[in-house]
Protein chains: 2
Amino acid sequence: MGKGEVTRQAILERATALASRCGLEGVSIGHLAEDLGLSKSGLFAHFGSKEALQVEILRFAADRFVQAVVRPALAEPRGEPRVRAIFERWLGWSRSHSVPGGCLFVAAASELDDRPGPARNELVRLQKEWMDSIAICFRSGISEGHFRADADPEQFAHDLYSVMLGYHHAQRLLRDPAADFRARASMEALLAAARRRGPSRAAPRRRPVRPRSAPRQRRTA
Amino acid sequence: MGKGEVTRQAILERATALASRCGLEGVSIGHLAEDLGLSKSGLFAHFGSKEALQVEILRFAADRFVQAVVRPALAEPRGEPRVRAIFERWLGWSRSHSVPGGCLFVAAASELDDRPGPARNELVRLQKEWMDSIAICFRSGISEGHFRADADPEQFAHDLYSVMLGYHHAQRLLRDPAADFRARASMEALLAAARRRGPSRAAPRRRPVRPRSAPRQRRTA
DNA sequence: TCTAGAATAGCACGATCGTTCGTTTTGTCA
DNA sequence: TGACAAAACGAACGATCGTGCTATTCTAGA
């Protein structure tokens, strides 16, 4: 790894941490350069534009997320254990030193949701990929017999994501000391409903008509 | 209402709409003034500082929220009907013309969660108040016999908020056409669990120890 | 209608932003 | 070791930001 690449990684590491607290737009080239003891122009040259830097931050954070959450979870047995591992590792990620301001993707989501551009596109791509991965894990939980056969994996992925968003809200904004407890209680209810018979959460199509989601691409994370 | 107050309301209306798309920090005095055909300094004089403007935006949006969601829901019968009304009106609010970029509070939450100051304080106050209101509505659903006596109202409030956060994520970022369907399915599962016997979502203290939340103040909205 | 005060406009300030350009330093490989 | 390229620097740019000051316009009450 050449010297440029080393510097680049250091920049992205610091930038990711900063973005989790101040948002992607809040990461200014000047502050970032000063923090790292670099010149503004020297740092800038690594990316060519602030927009490109933002995209690289998202990719860097996604790499870290895979290392911290996805990879360890894949070491767990298929089905419910793996789903639980995802949840616990995900909680840990939100408190990790990589993102001192809480999960970067949560912050970026509401920041980019009305700002078209490459950064938004990358974020959407990553999020859909992640939701698909969760659904796949849940689906293998069905074939393992851990979950009801008629449970809806996409709904489960959506609900799990909602639980994490609620956790972030309680933890980062409200500073609620019960945030962990709340999130775990929600998760247990989710899993219980996925096991139980009868209509409940993660249930199949109970409403007459529902709009189709955009077709999900099943690409490797 | 004097002329100054009329202008002030017009400013806040436009500012609230803008903030829902660009965030509180994204509302610049210059753009706002230009949009309204005012001078920058003339607009500025109404608030004295950008920080004060942000606080006023939050209060204005909260007023609108009460008018659009809380007040109509209070017209419904206590218990489950009122809880359902809250949910449906809340969904509607997220799509209302008052906040074209989606619920302002969701956007502000991740923007302010690591930025101390008056705006953050006001947002936290409003959010805690709202969570308390939800819990109170749920509690009256218990006394009406709609929900299990051992259900946890605070957990329900947290879970309902999570559902709304998930809806916002699916709707605003992913542009998922099934966002409404997902949110309603989650809500139905929440209500089902609140009715059903046995351990499940909105369940009482099942874990040995849980940290106490900050004491909630029960003030009028 | 006259006037005091509120409301608004105009202008300029210092700071910070992303970005460009030319130069200098540094690392790498023949 | 020497040469070439990569990397980092320094200074400056135009734009935009929030904010302060003074002058002007408007409005409401006597």
Side-chain angles (χ1 to χ4, degrees), chain A residues 1-19 21-58 60 107-108 111-112 114-120 122, chain B residues 1-19 21-58 60 107-108 111-112 114-120 122:
Chain A
M1 192 161 65
K3 181 174 196 293
E5 189 56 27
V6 171
T7 307
R8 188 188 152 93
Q9 291 294 315
I11 293 172
L12 288 175
E13 170 123 32
R14 188 95 191 90
T16 299
L18 222 89
R21 288 194 281 110
C22 314
L24 282 175
E25 207 62 32
V27 176
S28 87
I29 315 264
H31 279 147
L32 193 52
E34 197 179 9
D35 275 14
L36 290 159
L38 295 180
S39 71
K40 225 168 61 155
S41 52
L43 190 150
F44 182 84
H46 278 274
F47 306 96
S49 78
K50 176 156 188 179
E51 206 170 42
L53 169 62
Q54 292 176 338
V55 172
E56 293 306 308
I57 290 175
L58 288 172
F60 182 85
E111 189 181 350
L112 295 175
D114 274 294
R115 187 146 46 91
R120 195 198 127 92
E122 181 66 14
Chain B
M1 191 162 62
K3 183 176 195 293
E5 190 55 27
V6 171
T7 308
R8 187 188 152 92
Q9 291 294 316
I11 293 172
L12 287 175
E13 170 124 32
R14 188 94 190 89
T16 299
L18 223 90
R21 288 193 283 108
C22 314
L24 282 175
E25 208 63 33
V27 176
S28 88
I29 315 263
H31 278 149
L32 193 53
E34 197 179 9
D35 275 15
L36 291 158
L38 295 180
S39 70
K40 224 167 64 157
S41 53
L43 189 151
F44 182 83
H46 278 273
F47 305 97
S49 77
K50 175 153 190 180
E51 206 169 42
L53 169 62
Q54 292 176 339
V55 172
E56 294 306 308
I57 291 175
L58 288 172
F60 182 85
E111 189 181 349
L112 295 176
D114 275 293
R115 187 146 47 88
R120 196 198 127 94
E122 181 66 14

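Here the structure is a predicted model, which means the values were calculated and not measured. A note on names: the letters A, B, ... follow the listed sequences, proteins ahead of strands, and every chain is numbered from 1.
Whole-Å rounding puts the B:R8 CZ to D:dT27 P distance at 19 Å. A straight line from CG of A:L32 to P of C:dT16 spans 16 Å, rounded to a whole angstrom. Separating the CZ atom of A:F44 from the P atom of C:dT19 is a distance of 4 Å, rounded to the nearest angstrom. Atom CD of A:Q54 and atom C1' of C:dT19 are 15 Å apart (whole Å). Summarising the geometry, the separation between CD on A:E34 and P on C:dA15 is reported as 14 Å, rounded to the nearest angstrom. Here C:dT20 presents its P atom at 16 Å from CZ of A:F47, a figure rounded to the nearest Å. Distance CG (A:L38) to P (C:dT26): 14 Å, rounded to an integer number of Å. As rounded to whole Å, 15 Å separates atom C1' of D:dC17 from atom CD of B:E51.
A:L58 is listed as a side-chain neighbour of A:L24, based on a closest heavy-atom distance under 4.5 Å.
Within the 4.0 angstrom heavy-atom criterion, no nucleotide atom of any strand lies near A:G26. No engagement by A:V6 is indicated, since no non-hydrogen atom pair under 4.0 Å with the nucleic acid exists.
Contact annotation: A:S28 does not reach the phosphate of C:dT16 (side-chain N/O to OP1 or OP2, under 4.0 Å). Taking side-chain N and O atoms only, B:H31 has a distance below 4.0 Å to OP1 or OP2 of D:dC17.
With hydrogens and angles disregarded, no donor-acceptor distance shorter than 3.5 Å links the side chain of B:E56 to the backbone of B:F47.
For the pair B:E25 and B:Q54, the tightest heavy-atom approach, listed with the atom from each and the gap, is OE1-NE2, 3.0 Å.
In terms of position on DNA chain C, the residue among A:K50 and B:A45 whose nearest nucleotide sits closer to the 5' end is B:A45.
How far OG1 of B:T16 is from CD1 of B:I11: 11.5 Å, rounded to the nearest 0.5 Å. Considering OG of B:S28 and NZ of B:K40, their distance stands at 8.0 Å, rounded to 0.5 Å. For the atom pair OG of B:S39 and CD1 of B:I29, the computed distance is 11.5 Å after rounding to the nearest 0.5 Å.
You'll find that the side chain of A:H46 is closest to D:dA8, out of D:dA8, C:dG18, D:dT19. Closest to the A:I29 side chain, of the nucleotides D:dA8, D:dG18, C:dG18, is C:dG18. With D:dA8, D:dT19, D:dC26 as the choices, the nucleotide that has an atom nearest any side-chain atom of A:K3 turns out to be D:dA8. The side chain of B:S39 lies closest to C:dT8, out of C:dG18, C:dT8, D:dG18.
The base of C:dG10 is not paired with the side chain of B:K40 by any donor and acceptor separated by under 3.5 Å. Checked by distance alone, A:S41 brings no side-chain donor or acceptor within 3.5 Å of a matching partner on the base of D:dA8.
Judged by distance alone, the side chains of B:Q9 and B:E5 do bring a donor and an acceptor atom under 3.5 Å apart.
For B:H46, the NE2 atom sits in a packed shell: over 12 heavy atoms of surrounding residues, nucleotides or ligands are nearer than 6.0 Å.
Annotation: the terminal axes of the helix from C:dT1-D:dA30 to C:dA30-D:dT1 meet at 20°, where each axis is the rotation carrying the C1' atoms of four end pairs onto the next four (5 pairs per end, rounded to 10°).
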